[in-house]
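See below for the structure under consideration.
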Amino acid sequence: MDTGNDLTIPADVPVSTRETGLPAGLRFGLVQGWNFIFRPKRSYAWMRRTYGDVVTIYGTPSGDVVLALTAEGAREVLSADPDGYGAAHKDAFAGLAGAGSLLILEGALHRAERKLLMPAFHVQNMRDIGHVIRDIVITHTDRLRPGDRIKALDLMMDISRDVILRVVFGVEDGPLLDEGRVAVAKVLHGVGPLITFVPAVQAWWFPPWRKFMRAKCAFSAFLKRCMAERAGADEEACDVLSLLNAARRDDGTRLSHEEILGEIGTIVLAGHKNMAFALSWALYELARHPAAKQRLRDELVALGADPDPNLIARQPYVSAVCDEALRLHPIHTEIGRVCRAPTKLLGCTIPTGTVVGVGICAIHQDPAIYPEPDTFAPDRFIERSYSPFEFLPFGGGHRRCIGAAFSDYQMRVSLATIVMRWELESLGEERESRQNLGMGPKRGVPMRVTGRRPT
C-alpha cells in the first residue's frame with residue numbers, strides 16, 4: 001500500500017511564498033513530476049506532511065498548480081461561483097475528446113450542454129438497465145471454471161466494455177457488437193499518460209498520437225453505423241445514444257455527429273477503464289477481507305432468490321463496500337480548474353490564469369476524516385455519512401462526472417452478481433499504477449477461481 005512514508009524529494013526544490021505570492025510548494029522537475037503522476041498517493045502524503053493544507057506545484061505542463069489538500073479547501077474550491085473557473089487541461093482534452101466535449105466547455109455553454117445531456121444519464125431513464133448489467137456479468141463469468149487463474153482487471157474490462165456497448169450504444173449481439181469491441185479496445189489502447197498530460201506530443205510526428213488518431217477515426221465510423229441503426233429504432237429506445245440523438249436544445253437544434261462523438265468518446269475514455277479499475281479493486285479487497293465478503297453475501301441472501309437489481313443497488317453494505325474501495329483506491333487523483341478571476345483559497349489569493357484544484361488522494365487519506373486510512377473498512381460508510389468535499393470519487397462541484405450515478409449503479413449490481421456466484425482468491429499484493437487517465441491495479445489483480453456458489 002502506498003503510504004508516502006518512503007518517498008523522498010530533493011531538498012533544494014521547495015519554493016517559498018515570498019518568491020511568487022502563491023502558497024509554498026515545489027518545482028515540477030523530472031523526479032517530482034514522475035512521483036506526482038505515477039506515485040500520487042506517496043506524493044500527496046509527502047506534500048501534506050511538508051506543506052500542510054495547500055501546496056503549489058510550479059512549472060507543470062499546465063503552468064503553476066495550486067492544490068487544496070483538505071476537505072475545507074475542497075469546499076472553498078468546489079462551492080465557488082462556477083463562472084469564476086474555466087476547464088483545466090483544455091489543450092490535452094480537446095485533442096482526445098474534441099472541442100465540444102463537456103470536459104472542454106466552460107460557462108454558459110457548459111451549463112447548457114450539461115442540462116441537455118443529463119437526462120440521458122439518469123438511471124431511471126434506462127429501463128431494465130440493471131437486468132442488462134446482470135446478464136452481461138453472468139455471461140462473462142459463466143465461462144470461469146474452478147481452478148482457473150485470471151486477472152480480474154481483464155474480466156472486468158470485458159464486462160465494462162459490453163455494458164457500454166449495450167447501455168450506451170444500444171448494440172445487441174451480432175457483427176456490430178464484435179466491431180464495437182474492436183473499436184473500443186483500439187481507442188483505449190491508443191491513449192497513454194504521455195499524450196494525456198503533455199499536449200505538445202499530440203502531433204503528427206509522434207507515432208503514439210498517429211496510432212490514436214487512426215483508432216479514433218475507426219471509432220467514429222463505428223459510431224456512425226450505430227447512429228444509422230438507431231435512427232430507425234423504436235421511439236421508446238432508452239440507450240444513451242438514442243437519448244442523445246433525440247435531445248434538443250432550447251432553439252430546437254440537435255447535437256451534431258461530432259458533438260455526439262465527443263460526448264460518447266468521453267464516456268468511453270473516462271468510464272470504461274475506470275469502472276473496470278473500481279470493480280477490480282473491490283474484488284481484490286473482498287478477497288483479502290473474508291469477513292467483509294461474508295457480510296456482503298448475508299445482506300444479499302436476505303433479499304431472496306433473484307432479487308431485483310434496483311433493490312440490490314440500494315443495500316447499505318453493497319454501497320459501503322463500493323464506496324470504501326473507491327476511497328482507498330481513487331481512480332482520479334485530483335480535480336483541476338483554471339481561475340478566470342482572482343480566487344481566495346484558505347486565505348491565499350490565487351491569480352487569474354492559475355490552475356487551482358483539489359487533491360483527492362490527500363483527502364481520501366486524511367486520518368482526521370478516515371481513521372486508519374490505509375485500512376479497508378466499509379463500516380465507516382455505514383457509521384457516518386461524508387460530505388461531497390470529504391468523499392470525491394467522481395470529482396465535485398459543477399463539473400462532477402455526469403455519469404456518476406450510472407457508474408455507481410453499475411458497480412453495485414456487477415459486484416453483487418459476482419460475489420453471489422463465485423469464490424475468488426487473491427494471488428498476491430497489488431499496487432496502484434497510472435493507466436491512461438486514471439490509476440489502476442499494476443498487476444491486474446491476479447486471482448484464482450476456487451469454486452462456484454449455488455444459485
Side-chain angles (χ1 to χ4, degrees), residues 78 102 114 117-134 136-137 156-157 159-164 166-168 238-240 243 266-286 292 296 299-300 303 307-332 335 360 363-364 376 378 380-382 384-420 437-440:
L78 300 176
L102 273 181
R114 192 175 180 92
L117 300 177
M118 187 64 81
F121 295 91
H122 286 165
V123 173
Q124 59 266 34
N125 289 342
M126 306 175 190
R127 291 187 308 278
D128 296 325
I129 179 180
H131 294 92
V132 170
I133 293 170
R134 186 167 61 185
I136 290 171
V137 172
M156 297 306 105
M157 286 285 287
I159 290 171
S160 179
R161 176 204 60 211
D162 280 8
V163 168
I164 284 179
R166 287 284 304 278
V167 175
V168 175
C238 54
D239 56 90
V240 173
L243 293 170
T266 300
I267 294 169
V268 172
L269 290 174
H272 172 23
K273 259 197 169 181
N274 292 350
M275 179 50 53
F277 292 161
L279 283 167
S280 298
W281 284 125
L283 289 172
Y284 171 71
E285 293 296 348
L286 287 175
L296 176 59
E299 180 181 74
L300 295 170
L303 301 179
D308 184 89
N310 292 331
L311 181 60
I312 289 173
R314 292 195 296 268
Q315 297 308 298
Y317 203 68
V318 171
S319 302
V321 167
C322 292
D323 287 347
E324 178 67 347
L326 290 168
R327 180 203 67 83
L328 188 58
H329 304 283
I331 310 302
H332 293 293
I335 302 165
I360 296 175
I363 295 171
H364 282 195
F376 178 75
R380 68 174 93 240
F381 282 91
I382 291 181
R384 63 159 288 190
S385 59
Y386 295 90
S387 78
F389 314 117
E390 296 172 320
F391 183 57
L392 310 99
F394 300 104
H398 70 292
R399 302 189 77 91
R400 186 173 185 264
C401 174
I402 196 171
F406 168 54
S407 297
D408 202 32
Y409 182 90
Q410 179 186 345
M411 184 178 182
R412 296 178 190 189
V413 173
S414 298
L415 182 65
T417 303
I418 295 168
V419 167
M420 287 302 294
L437 298 174
M439 301 297 295

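Excluded from the calculations below are hydrogen atoms, water molecules and symmetry mates; all remaining heavy atoms, backbone and side chain alike, are included.
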Partner residues of [X] under the ring-ring contact (aromatic ring centres under 6.0 Å, His included) criterion, sequence neighbours left out:
X	answer
Y284	W281
H131	none
F381	Y386, F391

Taking side-chain contact (heavy atoms from CB on, under 4.5 Å) as the test, write out the residues that go with [X], two or more places apart.
X	result
P307	L303, I312
T417	R134, V137, I138, V413, R421
S280	A152, L153, M156, P441, V445

For this session: Could you name each residue pair satisfying salt bridge (Lys or Arg N to Asp or Glu O under 4.0 Å) that touches residues 390-408, not counting sequence neighbours?
Result: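 Qualifying pairs: R384-E390, D408-R412.
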
Seminar exercise, completed: Residue pairs passing the salt bridge (Lys or Arg N to Asp or Glu O under 4.0 Å) test with at least one member in residues 311-327, sequence neighbours excluded, are E324-R327, E324-R380

Distance, nearest 0.5 Å, that separates [atom1] of [X] from [atom2] of [Y]:
X	Y	atom1	atom2	answer
F376	L286	CZ	CG	5.0 Å
L279	L283	CG	CG	6.5 Å
I164	M275	CD1	CE	9.0 Å
C401	L392	SG	CG	13.0 Å

For this session: Mind listing the closest non-hydrogen atom pair of G395 and I335 along with its distance?
Result: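 Shortest heavy-atom contact: CA-CD1, 3.7 Å.
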
Exercise. For the residue pair L328 and E285, what are the closest heavy atoms and their distance?
Worked result: CD2-OE2, 3.5 Å

Exercise. Who passes salt bridge (charged side-chain N to carboxylate O under 4.0 Å, His left out) against R166, sequence neighbours left out?
Worked result: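 R166 satisfies salt bridge (charged side-chain N to carboxylate O under 4.0 Å, His left out) with E172 only.
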
Seminar exercise, completed: Across all chains, not counting sequence neighbours, the side-chain hydrogen bond (donor to acceptor under 3.5 Å, both in side chains) partners of S160 are H272

Exercise. What residues form a side-chain hydrogen bond (donor to acceptor under 3.5 Å, both in side chains) with N274, not counting sequence neighbours?
Worked result: H332

Exercise. Between L296 and V318, is any pair of side-chain heavy atoms under 4.5 Å apart?
Worked result: yes

